[in-house]
Amino acid sequence: MLEKRYEPKDIEKKWYDFWIEKDYFRAEAKSDKPAYCIVIPPPNITGSLHIGHALDITLQDIMIRWKRMSGFNTLWLPGTDHAGIATQNVVEKELQKQNTDRHVLGREKFIEKVWEWKKLYGGTIINQLKSIGASCDWSRERFTLDEGLSRAVKEVFVRLYEEGLIYRGEYLINWCPRCHTALSDLEVEHEDKQGKLYYIKYSFMDGNGHITVATTRPETYLGDTAVAVNPEDDRYKHLIGKKIRLPIINRDVPIIADEFVDASFGTGAVKVTPAHDPNDFDMGKRHNLPFINILTGDGKMSEEAGPYKGQDRFECRGNILKDLEETGHLEMVTDHNLAIGHCYRCKTIVEPYLSMQWFVKIKPLADEAIKAVKDGRVKIIPSGWENSYFDWMENIRDWCISRQIWWGHRIPVWYCQEMRNAECGMRNGTIVSRDEPKSCPYCGSGSLFQDDDVLDTWFSSALWPFSTLGWPDDTEDLNTFYPTSVLITGFDILFFWVARMIMMGLKFRDQEPFKHVYIHALIRDAEGQKMSKSKGNVVDPLKMTEMYGTDAFRFTLAAYAAQGRDIKFSEQRVEGYRHFLNKIWNVARFISMNVKEGEERALAVKVKNLSLADRWVLSRLSSVCSEINKALEEYRFNDAAGALYQFIWHELCDWYVEMIKPELYGDYEESKRAAFFTLVHVFEVSLALLHPFMPYITEEIWQQLPGKKEDESLCIREYPSTEDGIEDKDAEKKMNIVMDAVTCIRSIRGELNLSPSLELQALIKTSNSTENILKENITYLEKLAKAKNIEIGKEILPPKNAATAIKPAMEVFVPLEGLFDIDAEISRLSKEKIKIEEDIEYVKKKLSNEDFTSKAPQAVVEENKDKYINYLDKLQSIQNNIDKLNQWRESNE
RNA sequence: GGGCGGAUAGCUCAGUUGGGAGAGCACAGCCCUUACAAGGCUGGGGUCACAGGUUCGAGCCCUGUUCCGCCUACCA
């Protein structure tokens with residue numbers, strides 16, 4: 001006998017340990033079974049489980065458990081990401097607390113520190129994944145800085161370099177002055193802000209007059225090396241070639257002509273700062289202008305800033321504005337909206353900054369990745385995301401991959417310091433190598449030093465689907481599981497990660513890394529706001545599992561996961577699904593209460609005499625099985641969850657269990673056994689269907705269920721298919737008639753506020769076809785409608801003082817005697833009458849429209865004609881009853 | 001600036017080839033009926049954002065408008 005309440009805590013741990021001990025989650029490198037593989041989006045080692053992970057993990061676990069049960073050789077490959085900048089930041093903060101910093105420690109010692117930190121805290125998130133039931137193959141867990149993955153990174157770097165797809169050069173990149181490193185374009189978050197447009201007067205060198213330029217960043221004027229105008233702009237044509245003198249610092253720069261300048265914006269004259277603006281950079285190249293870097297790496301003004309040297313960039317802006325104003329060079333200031341780039345890790349405003357960096361020439365890789373999606377080798381679900389993917393891929397720019405931090409994959413490049421011969425000189429002493437070279441392969445010098453930079457973390461993540469499987473070695477895992485089956489993740493890393501995996505997978509494996517990409521929603525709070533620590537509106541998934549149990553939480557996430565829409569998370573809904581678990585738990589208790597000694601074996605007996613209820617529920621089960629499988633196949637998690645909820649609660653519990661109670665409590669052994677067998681069978685199959693969604697409670701109940709299958713765990717029971725039920729349309733049809741009759745009586749009871757304990761008599765006037773069905777199943781009516789002395793027949797006449805309910809093919813009368821209120825009943829029926837009259841009007845209009853009858857499909861026309869006849873019948877019945885009631889009333893008066 | 005998505009019951013959302021709108025929660029009424037009051041039964045509640053169009057027929061397809069959300073962008 002099961003406990004009165006379901007207590008998740010102990011049970012969850014018990015079964016997770018059991019599954020691990022039995023090694024169910026381990027995949028086979030070689031197997032006759034078809035392979036099914038998902039690589040986990042590796043969470044940061046600095047992270048702890050947030051609700052987005054919880055959704056992501058739940059959906060993956062559902063797919064994995066479903067496929068494992070469905071007979072696949074299933075691999076869910078887990079791991080974590082070293083998260084270069086984020087992790088370095090965390091450890092640096094620790095050092096700060098100890099009043100030291102990484103430069104004091106030195107590179108080697110610092111990295112040791114980070115590894116120590118990783119050992120201590122890096123496993124946190126992995127344990128949290130386990131706690132929500134993730135059935136990963138932990139024996140294959142990987143970390144992006146593992147020896148093996150590092151080898152893959154070097155291999156890829158070297159090969160891309162050798163093909164000319166990786167190059168080094170001095171360009172404008174996004175620079176975070178706080179993290180002290182370059183960022184890729186993607187790592188910059190733009191935020192729209194109300195800013196100012198400053199109009200600065202530049203006097204001509206000869207002292208006569210001036211030209212005004214507009215800028216949002218006045219401090220950069222210190223780096224100006226030209227003023228540009230559009231060559232077609234009549235206002236300025238005559239000034240081209242003239243020189244102006246920059247205020248305060250008195251540098252003389254030319255006025256140049258460039259097509260890029262939009263004459264309609266601002267004054268039509270642009271200050272050109274090649275070292276601090278991407279457009280100006282291009283112009284600088286075109287016109288051979290000097291590049292003056294006025295900033296230092298930590299966002300302060302450099303040597304080039306003259307009197308402003310050493311000032312913080314924003315402090316400097318203020319000072320410069322003041323000085324320009326005082327010297328009469330600030331013409332005016334207007335409001336101006338602009339998007340400002342922030343570092344995605346620390347939110348500091350980034351600077352376009354000129355520096356020497358490594359880049360991936362991305363176009364050739366992107367072209368292949370576009371093709372893979374275009375011709376369907378990679379399918380993105382929901383397909384709406386394909387547009388974004390193409391848009392980004394088609395306008396992609398070279399990827400800056402070097403980072404000026406220490407934690408990460410150090411760039412496998414060395415520089416020869418001596419460059420003893422021409423060959424070495426030709427290469428600028430650059431040595432790109434998989435292994436650390438002892439001496440320069442070109443000139444033999446032993447004086448080498450390695451590039452200081454590390455690679456973008458996403459560079460190693462891009463290799464994840466094959467580096468984790470053993471690449472560059474030719475492993476069995478790789479042959480078995482690559483390409484993987486599906487990648488499940490949020491859209492926020494579609495470009496960061498998904499797109500880059502596709503590029504790298506195609507490049508190095510000649511095959512797409514996954515066949516499907518399922519993009520799920522972002523979880524917001526109940527008001528639709530993005531969750532963030534600063535807003536204080538985060539929902540802690542671990543708290544949810546503690547309060548409601550992991551299963552209820554997981555089921556909630558699945559039920560929420562409709563495609564293409566964000567999730568507004570409400571705790572109430574978790575509570576609702578906890579009730580669902582309670583319901584399931586109680587059916588299990590009901591079953592356990594009805595098991596008697598020796599009955600378990602009887603379950604194996606082939607039962608022949610199935611009742612209508614048995615046949616109905618088995619038929620419903622059959623269609624639910626196919627519904628669930630189809631929904632999961634199409635990643636419609638919410639539909640699958642909804643179908644299970646509906647079936648188990650409202651069909652199995654509300655109808656079936658109630659219907660078989662008379663049999664279970666009765667003495668007729670054969671039908672008792674049939675009912676019990678069917679109940680246990682349907683429930684067992686339901687548990688199996690549910691298992692991927694709520695693994696713990698289903699396992700707990702299943703283990704105690706009589707007549708379960710041979711397997712030692714629900715984890716490895718075969719996933720149900722339509723054959724687990726028995727399709728029986730005839731039973732469904734008959735059952736619907738029985739249900740209609742029950743509903744009629746219940747409606748009368750409910751609408752007249754009669755007590756559920758009050759037994760009612762019922763007289764049912766039927767058509768030919770329904771009479772026998774109802775007569776055969778009269779016990780259901782008695783039980784479910786709490787009715788007695790039921791009379792069924794074609795010739796039934798409405799008794800006096802009876803309430804009436806009408807359904808297709810039946811009229812139900814409930815005599816009420818003293819309780820009967822004739823006026824209330826007339827008004828009840830009149831309401832029904834109005835409804836049906838509206839219906840009739842609607843269909844009549846349709847049918848009398850010749851266009852409809854001639855142009856609509858014949859089936860639709862027929863359907864409406866049938867409807868019309870049925871409506872008329874119903875109206876007739878209602879009218880007859882109203883007439884009768886009126887007669888009675890008159891005769892009583 | 002470009003692109004994408006959304007607007008359906010009080011709330012959160014389904015709605016799969018266009019054939020008279022559904023669920024869960026909330027609400028109201030009757031019930032401690034021996035699995036379950038975390039429950040049962042019954043019921044009320046919608047101009048499917050707005051305006052046009054296509055069609056015999058539109059929540060669904062097309063055009064435009066408004067509001068909201070998101071992505072993207074080298075708008076000085």
Side-chain angles (χ1 to χ4, degrees), chain A residues 2 4-6 172 185 190 197 213-217 220 228 260-262 265-273 277-282 336-339 352 382 384-385 387-388 391-392 395 397 491-492 494-495 522 524 526 528 530 559-560 562 564-570 572-573 575-594 634 636 638-639 642 645-646 650 653-654 657-658 661 665 743 746-758 783-786 838-839 842-843 846 849-857 859-861 863-864 867:
Chain A
L2 294 164
K4 180 114 184 165
R5 278 159 188 272
Y6 173 60
L172 268 195
D185 295 336
H190 293 275
L197 197 57
V213 297
T215 180
T216 52
R217 298 195 299 154
T220 62
F260 165 80
V261 179
D262 176 0
F265 188 91
T267 63
V270 191
K271 62 192 274 306
V272 183
T273 325
D277 181 278
N279 293 318
D280 297 3
F281 179 86
D282 293 341
H336 184 66
N337 290 325
L338 68 166
W385 290 107
N387 280 335
S388 300
D391 187 58
W392 188 71
N395 298 302
R397 299 194 304 154
F491 62 81
D492 48 334
L494 180 59
F495 306 140
L522 195 76
R524 303 165 177 284
K530 218 168 173 172
Y560 257 130
R565 202 193 270 251
D566 281 350
I567 296 171
K568 284 189 207 169
F569 188 85
S570 152
Q572 269 188 9
R573 196 148 168 193
E575 203 182 335
Y577 287 120
R578 184 177 58 174
H579 297 172
F580 180 42
L581 263 84
N582 187 248
K583 194 78 185 172
I584 294 164
W585 186 254
N586 277 296
V587 193
R589 289 185 69 225
F590 176 75
I591 289 172
S592 72
M593 284 170 173
N594 284 284
E634 295 166 4
R636 290 182 288 112
N638 60 321
D639 287 340
Y645 185 93
Q646 167 67 26
H650 298 302
C653 294
D654 287 350
V657 170
E658 294 307 321
K661 276 178 181 174
Y665 298 149
T743 305
R746 283 174 170 178
S747 293
I748 290 169
R749 186 193 298 279
E751 285 179 37
L752 299 177
N753 292 342
L754 302 175
S755 163
S757 57
L758 181 70
K783 164 71 185 162
L784 297 177
K786 189 99 180 168
E838 284 169 1
D839 290 345
Y842 182 87
V843 181
K846 214 171 198 181
N849 181 347
E850 235 176 86
D851 284 328
F852 174 72
T853 48
S854 62
K855 288 179 183 168
V860 176
V861 176
E863 203 179 295
N864 277 277
K867 236 187 231 174

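In the text below, chain A, chain B and the rest are named by the order of the sequence lines, each starting its count at 1.
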Check: Within this structure, what is the CD-to-C1' distance between A/E658 and B/C41, rounded to whole angstrom?
Finding: 11 Å
Next item on the list: Describe the nucleic acid contact of A/K661 in one word from base, sugar-phosphate, nothing, applying a heavy-atom distance below 4.0 Å.
Entry: base
Margin query: Heavy atoms only, 4.0 Å cut-off, all strands: where does A/A214 land among base, sugar-phosphate and nothing?
Written below: base
Note to self: Is it the case that the base of B/G20 and the side chain of A/K867 share a donor-acceptor contact (distance under 3.5 Å, atom types as modelled)?
What the structure shows: yes
Margin query: Does a side-chain N or O of A/Y665 approach OP1 or OP2 of B/A35 to a distance below 4.0 Å, or not?
Written below: yes
Next item on the list: Could you work out the separation of B/G45 and B/C61 based on their C1' atoms and round it to a whole Å?
Entry: 30 Å
Notebook entry, point to check: Can you tell me how far C1' in B/G19 sits from the matching atom in B/C13, rounded to whole Å?
Noted result: 25 Å
Check: 5'-most contact on RNA chain B: A/W392 or A/R573, nearest heavy atom basis?
Finding: A/R573
Note to self: Taking the C1' atom in each of B/G20 and B/C60, what is the distance between them to the nearest angstrom?
What the structure shows: 14 Å
Check: According to the Watson-Crick and G-U wobble definitions, with both distances under 3.5 Å, which nucleotide is paired to B/G1?
Finding: B/U72
Check: Hey, does A/E850 reach any base, or is it just sugar-phosphate, or nothing, if we go heavy atoms under 4.0 Å?
Finding: nothing
Next item on the list: Would you mind classifying the nucleic acid contact of A/F281 as base, sugar-phosphate or nothing, using non-hydrogen atoms under 4.0 angstrom?
Entry: nothing
Note to self: Regarding A/S747, tell me which of base, sugar-phosphate or nothing describes its non-hydrogen contacts under 4.0 Å with the strands shown.
What the structure shows: sugar-phosphate
Margin query: The side chain of A/V270 is closest to which nucleotide in this list: B/G24, B/U42, B/A76?
Written below: B/A76
Checklist line | Closest nucleotide among B/U12, B/C30, B/C56 to the A/S755 side chain | finding: B/C30
Margin query: Between B/G10 and B/A28, how far apart are the two C1' atoms, rounded to whole Å?
Written below: 14 Å
Check: Are A/K568 and B/C13 close enough that a side-chain N or O sits under 4.0 Å from OP1 or OP2?
Finding: yes
Checklist line | Base paired to B/U16 (Watson-Crick or G-U; both N/O distances under 3.5 angstrom) | finding: none
Next item on the list: Report the distance from atom CZ of A/R746 to atom P of B/C31, rounded to the nearest whole Å.
Entry: 17 Å
Checklist line | Selected nucleotide, minimal atom distance to A/K846 side chain, candidates B/A14, B/C71, B/G19 | finding: B/G19
Item checked: Upstream residue (5' side of RNA chain B) when A/F590 and A/Q572 are each assigned their closest nucleotide -> A/Q572
Note to self: Taking B/G59 as the reference, what is the distance to B/A21 when you measure between their P atoms (whole Å, please)?
What the structure shows: 8 Å
Next item on the list: Please work out whether the ring planes of A/Y645 and A/F580 are parallel, tilted or perpendicular, with thresholds of 30° and 60°.
Entry: tilted
Check: Which part of the nucleic acid, if any, lies within reach of A/V261 when heavy atoms closer than 4.0 Å are counted: base, sugar-phosphate only, or nothing?
Finding: base
Note to self: Side chain of A/N586, heavy atoms from C-beta onward: which of B/A35, B/G19, B/U72 has the nearest atom to it?
What the structure shows: B/A35
Next item on the list: Would you classify A/V213 as touching base, sugar-phosphate or nothing, given that sugar-phosphate means primed atoms plus P, OP1 and OP2, and contacts are heavy atoms under 4.0 Å?
Entry: nothing
Check: Hey, does A/A559 reach any base, or is it just sugar-phosphate, or nothing, if we go heavy atoms under 4.0 Å?
Finding: nothing
Notebook entry, point to check: Is the ring of A/Y842 stacked on the base of B/G20, with centres less than 5.5 Å apart and planes under 30° off?
Noted result: yes
Margin query: Do A/Y6 and A/I584 have side chains that approach each other closer than 4.5 Å (heavy atoms only, starting at C-beta)?
Written below: no
Checklist line | Sugar-phosphate only, base, or nothing, as touched by A/D492 at under 4.0 Å among non-hydrogen atoms | finding: nothing
Notebook entry, point to check: Is there a Watson-Crick or G-U wobble partner for B/C27 with both distances under 3.5 Å, and which nucleotide is it?
Noted result: B/G43
Item checked: Integer angstrom distance from the C1' of B/G43 to that of B/C62 -> 41 Å
Item checked: Minimal non-hydrogen separation, A/V843 against A/N864, with atom names -> CG1-O, 3.4 Å
Next item on the list: Report yes or no: is there a donor-acceptor pair, N or O only, under 3.5 Å between the side chain of A/D839 and the base of B/G20?
Entry: yes
Check: Quick check: are there more than 12 heavy atoms from other residues, nucleotides or ligands sitting under 6.0 Å from CD of A/E634?
Finding: yes
Notebook entry, point to check: Considering every strand shown, what is the Watson-Crick or G-U wobble mate of B/A51 when both distances are under 3.5 Å?
Noted result: B/U63
Next item on the list: Give a yes or no answer on whether the side chain of A/R749 reaches the backbone of A/K786 with a donor-acceptor pair at less than 3.5 Å.
Entry: yes
Checklist line | Side-chain donor or acceptor of A/N395 paired with backbone N/O of A/D391 under 3.5 Å | finding: yes
Next item on the list: Output yes when at least one side-chain N/O atom of A/T853 is less than 4.0 Å from OP1 or OP2 of B/C56, else no.
Entry: no
Item checked: Options B/U72, B/A35, B/G39, nucleotide nearest the side-chain atoms of A/H579 -> B/G39
Note to self: Counting the atoms with a prime plus P, OP1 and OP2 as sugar-phosphate, which does A/D262 contact under 4.0 Å by heavy atoms, base, sugar-phosphate, or nothing?
What the structure shows: base
Checklist line | A/K271 side chain, from C-beta outward: closest of B/G40, B/A76, B/A35 | finding: B/A76
Margin query: Heavy atoms from C-beta onward define the side chain here; which of B/A35, B/A14, B/C56 lies closest to that of A/N849?
Written below: B/C56
Notebook entry, point to check: The side chain of A/K583 lies closest to which of these nucleotides: B/C36, B/C71, B/A76?
Noted result: B/C36
Checklist line | Side-chain donor or acceptor of A/R636 paired with backbone N/O of A/A562 under 3.5 Å | finding: no
Checklist line | Of the listed nucleotides B/A73, B/U33, B/G20, the one nearest the side chain of A/P756 | finding: B/U33
Check: For A/P352, which contact category applies under a 4.0 Å heavy-atom criterion: base, sugar-phosphate, or nothing?
Finding: nothing
